[in-house]
Amino acid sequence: MEKMGLNSNILKTLFVVCCIVFPFALTATLKFRNSSITFFEGFSENKVLGGETSQKNVTTRGSVQNITHENSEVLQGEIQNDRDPIEERTTSRNNTTPEIGSKNAPLISSSNSSSSDSIHDDQEKLLDGLLAFGFDEASCISRLQSHLYRKVSPHKPSRYLILKLRNYEELHRRCGPDSIAYNKSMAYIEHPKDNNGDGTMCKYLVWSPANGLGNRIISMAATFLYAILTDRVLLVRFGEDMHSLFCEPFLNSTWMLPTNSPLWNQEHVETYDSFLEKDKANNSKHDLPSALFLNHQFTKENPEKFFHCGHNQDLLRNVPLLISQTDQYFVPSLFMIPSFNLEINKMFPQKDTVFYHLAHYLYHPSNEAWRLITTFYPTYLAKVDERIGIQIRVFRPDITSNQAIMDLVLSCTIENKLLPKLDTQNSVSYSQNHTIKAVLVTSLSPNYGENLRAMYENKQSISGEVIEVYQPSHEEKQKFGDNMHNMKAWTEMYLLSLSDVLVTSSLSTFGYVAQGMGGLKPWILVKPHKKKPNSASCKQDFSSEPCFHYPPMHECNGKFQKHFSSSFPHLWECKDRHSGLKLVSEQRSVVSRPVTANKNMYKI
Ligand SMILES: *[C@@H]1O[C@H](CO)[C@@H](O)[C@H](O)[C@H]1NC(C)=O
Ligand SMILES: *[C@@H]1O[C@H](CO)[C@@H](O)[C@H](O)[C@H]1NC(C)=O
Ligand SMILES: *[C@@H]1O[C@H](CO)[C@@H](O)[C@H](O)[C@H]1NC(C)=O
Ligand SMILES: *[C@@H]1O[C@H](CO)[C@@H](O)[C@H](O)[C@H]1NC(C)=O
Ligand SMILES: *[C@@H]1O[C@H](CO)[C@@H](O)[C@H](O)[C@H]1NC(C)=O
Ligand SMILES: *[C@@H]1O[C@H](CO)[C@@H](O)[C@H](O)[C@H]1NC(C)=O
């Protein structure tokens with residue numbers, strides 16, 4: 001348990017109404033320091049007591065579980081979070097209605113608009129047609145407001161993607177929970193012997209979580225795309241720790257697997273691995289199960305699953321229900337499957353926007369999460385000239401010192417002119433430069449934000465720019481099974497995605513979500529323990545897509561394939577993991593082999 005201090009200068013809470021609906025309210029508590037500088041205590045889980053808005057009982061709950069992989073380089077789950085005092089430049093605020101809009105962030109549009117404007121507004125609200133029309137606004141405020149917080153998107157969804165989404169929504173309404181078709185199909189899936197599957201059968205894909213929130217968000221997006229490509233209905237198995245992070249994404253239906261479904265337990269469900277064994281042993285027809293469990297957690301130990309092969313996709317096609325447990329962004333595999341190739345290319349003519357569009361379609365912060373985001377953003381980030389997100393994730397704390405990380409961050413940001421140098425001589429007096437840059441630091445540890453802030457607070461920058469540093473939270477350890485921890489992680493990923501410039505840590509899926517949602521090509525910090533004295537501290541990525549850490553290693557005929565990037569012009573090796581694959585928009589300048597020359601890849 002942790003108590004957070006409250007101070008005299010508390011913002012008037014705006015959540016009187018909201019607090020009735022949501023148990024936790026975020027309040028930005030401001031502390032005075034040096035009389036003119038205020039500090040932000042970060043995301044806190046506050047309960048506003050009856051009547052008195054200024055009286056709060058602050059509790060932080062959460063069972064802390066250590067991360068199991070701190071010492072390994074395996075790219076496993078991660079959640080990350082931080083909280084830290086936050087500096088603010090203006091004096092106390094009174095923002096019961098935080099206004100948005102900075103010198104370069106779009107303003108909240110006024111309600112006063114002509115009819116052609118309102119069509120335009122609707123178009124913007126619905127993200128150029130990506131979102132369906134007809135959602136109830138109050139139950140998910142972020143869905144129709146998120147566009148106000150982002151620059152006008154250069155990435156438009158293709159008409160074909162929009163068509164596929166509308167078709168998918170129809171399928172989901174017809175076959176989703178609470179439909180007659182759902183009951184019928186599930187009755188067959190549970191007892192295939194007693195029931196006849198008829199023409200109205202629906203097919204399902206149940207996503208099951210693995211690892212931290214970053215892994216979950218990227219893998220869910222990949223799973224959704226797989227569902228669209230295979231005409232399956234996506235259902236999600238959210239535990240307690242995933243509740244109330246996101247809005248329902250599908251109009252007039254739910255994506256939650258009903259709590260009474262036997263599919264919460266996959267013990268009796270045949271596994272994909274044993275299914276493949278059977279298939280291999282028996283060339284003639286074998287019995288098709290009604291459900292299969294795909295343990296798709298690609299790890300070093302896991303053998304090749306040949307999921308990217310047409311033959312296996314043909315087998316899976318007729319299995320009515322798949323439970324998929326994966327922590328990976330396996331979209332590159334979907335691009336390799338010949339039967340999907342045409343569709344997926346039509347849906348995403350611009351290959352490096354797959355996650356961007358899928359995430360903007362699927363992940364709308366719940367009202368609770370949105371309140372955290374829209375309290376923080378206008379107060380600290382909206383009214384500055386540039387927002388710089390720095391996401392620090394230390395995978396090897398055993399061999400990495402804080403100082404090494406700090407040095408890495410500074411040399412990366414200063415060498416690449418993301419942040420100005422400090423005037424260490426203190427000699428010249430600089431004319432006031434009215435440029436303000438806000439740095440949003442996210443990390444499990446408070447040190448980095450504190451150090452950075454102290455630096456820029458005590459010394460003038462040579463450019464005369466003003467650098468403000470904010471770190472909303474620090475959780476010390478990644479936690480699993482903790483809803484509030486995930487809530488903070490989600491809001492921080494989202495806030496980072498609103499940056500103009502992003503610095504991320506190698507291999508971090510937390511950073512992948514931020515860069516992917518923001519459509520940002522981040523500066524990736526090298527692994528600190530791999531840094532050589534004169535090598536670069538960070539490199540700019542060439543795509544905002546998440547990296548698929550464990551792509552296939554074999555062609556479909558079983559032949560070892562060192563790297564699939566040689567066969568697919570839109571798949572490159574990741575900057576932060578050479579054996580990983582990621583989507584890029586442009587083709588390689590030197591295409592080593594045309595894809596068609598590789599037909600035998602798809603044969604077993
Ligand atoms: C807060 O808002 C009220 C009403 O708009 C105003 O009277 C008051 O001066 C404001 N307080 C501060 C600190 O800006
Ligand atoms: C709409 O805008 C016009 C001018 O742009 C202004 O005169 C009018 O008062 C506005 N109406 C409302 C309802 O804000
Ligand atoms: C589906 O079955 C459940 C009970 O298993 C029942 O409560 C529900 O009303 C059924 N839904 C429809 C649309 O038939
Ligand atoms: C969604 O539900 C609302 C309310 O029941 C209904 O008016 C609307 O037509 C539905 N939309 C679709 C696309 O089914
Ligand atoms: C091979 O297929 C037949 C049915 O065609 C089945 O009876 C037999 O059990 C299968 N063998 C294996 C090893 O799965
Ligand atoms: C402030 O400094 C930045 C970076 O050196 C520069 O681009 C900008 O033009 C300066 N602005 C003013 C008002 O001097």
Side-chain angles (χ1 to χ4, degrees), residues 21 118-119 121-147 157-208 224-225 227-228 231-239 243-244 246-269 289-291 320-323 347 357-358 360-367 370:
V21 185
S118 79
I119 290 169
D121 280 359
D122 279 353
Q123 200 53 16
E124 248 176 39
K125 271 190 190 173
L126 301 176
L127 311 179
D128 303 301
L130 190 72
L131 307 182
F133 177 79
F135 278 105
D136 166 41
E137 298 202 18
S139 64
C140 181
I141 297 162
S142 69
R143 182 161 12 228
L144 300 173
Q145 275 196 5
S146 65
H147 71 102
S158 69
R159 293 169 71 110
Y160 195 66
L161 174 60
I162 292 170
L163 177 74
K164 293 293 280 185
L165 290 170
R166 294 301 89 83
N167 289 344
Y168 175 82
E169 288 153 11
E170 208 172 295
L171 174 75
H172 199 107
R173 273 192 296 278
R174 183 166 65 78
C175 296
D178 305 326
S179 68
I180 296 167
Y182 177 87
N183 280 7
K184 267 192 177 167
S185 306
M186 286 298 168
Y188 170 76
I189 288 161
E190 284 159 38
H191 307 286
K193 301 234 158 57
D194 316 343
N195 291 277
N196 285 324
D198 62 17
T200 63
M201 278 282 293
C202 303
K203 293 192 297 176
Y204 297 89
L205 180 57
V206 178
W207 175 87
S208 178
F224 177 52
L225 180 56
I228 296 178
D231 301 314
R232 292 175 184 277
V233 174
L234 174 70
L235 299 174
V236 294
R237 268 186 7 188
F238 282 179
H243 279 153
S244 67
F246 311 110
C247 300
E248 285 285 353
F250 308 125
L251 180 62
N252 287 1
S253 189
T254 178
W255 66 342
M256 300 282 191
L257 181 69
T259 48
N260 62 0
S261 168
L263 297 165
W264 281 90
N265 181 350
Q266 73 264 344
E267 249 166 48
H268 306 293
V269 178
S290 64
L321 185 138
L322 303 176
I323 300 175
M347 287 163 75
H357 289 308
L358 292 176
H360 285 239
Y361 178 82
L362 279 181
Y363 305 127
H364 303 283
S366 65
N367 286 357
W370 193 237

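Counting convention: from 1, in listed order, for ligands and their atoms alike. Counting begins at 1 with the first residue of the sequence. Note: hydrogens, waters and symmetry copies are ignored here, and every other heavy atom, side chains too, is used.
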ask   = Looking at Arg173 and Glu170, does any basic side-chain N land under 4.0 Å from a carboxylate oxygen?
value = no

key: Within reach of ligand 4, part of Arg173 (heavy-atom separation under 4.0 Å)   = side chain

query = Any chance the rings of Phe224 and Tyr363 have centres within less than 6.0 Å?
reply = no

ask   = Looking at CZ of Arg237 and OG of Ser208, how far apart are the two atoms once the value is rounded to the nearest 0.5 Å?
value = 3.5 Å

ask   = Looking at Tyr182 and Leu235, what are the two nearest heavy atoms and their distance?
value = CE1-CD1, 4.0 Å

query = Is the His172 to Tyr168 ring centre distance short of 6.0 Å?
reply = yes

Pairs of donor and acceptor atoms involving the side chains of residues 252-260, under 3.5 Å and at least two apart or interchain, shall be tabulated with distances.
{"unit_1": "Thr254", "atom_1": "OG1", "unit_2": "Glu248", "atom_2": "OE1", "d": "3.3"}
{"unit_1": "Thr254", "atom_1": "OG1", "unit_2": "Glu248", "atom_2": "OE2", "d": "2.6"}
{"unit_1": "Thr254", "atom_1": "OG1", "unit_2": "Met256", "atom_2": "N", "d": "3.0"}

When you pair each N or O of ligand 3 with protein N or O atoms, which pairs come out under 3.5 Å?
{"unit_1": "ligand 3", "atom_1": "2 (O)", "unit_2": "Asn183", "atom_2": "OD1", "d": "3.3"}
{"unit_1": "ligand 3", "atom_1": "2 (O)", "unit_2": "Asn183", "atom_2": "ND2", "d": "2.3"}
{"unit_1": "ligand 3", "atom_1": "11 (N)", "unit_2": "Asn183", "atom_2": "ND2", "d": "2.9"}
{"unit_1": "ligand 3", "atom_1": "14 (O)", "unit_2": "Asn183", "atom_2": "ND2", "d": "3.4"}

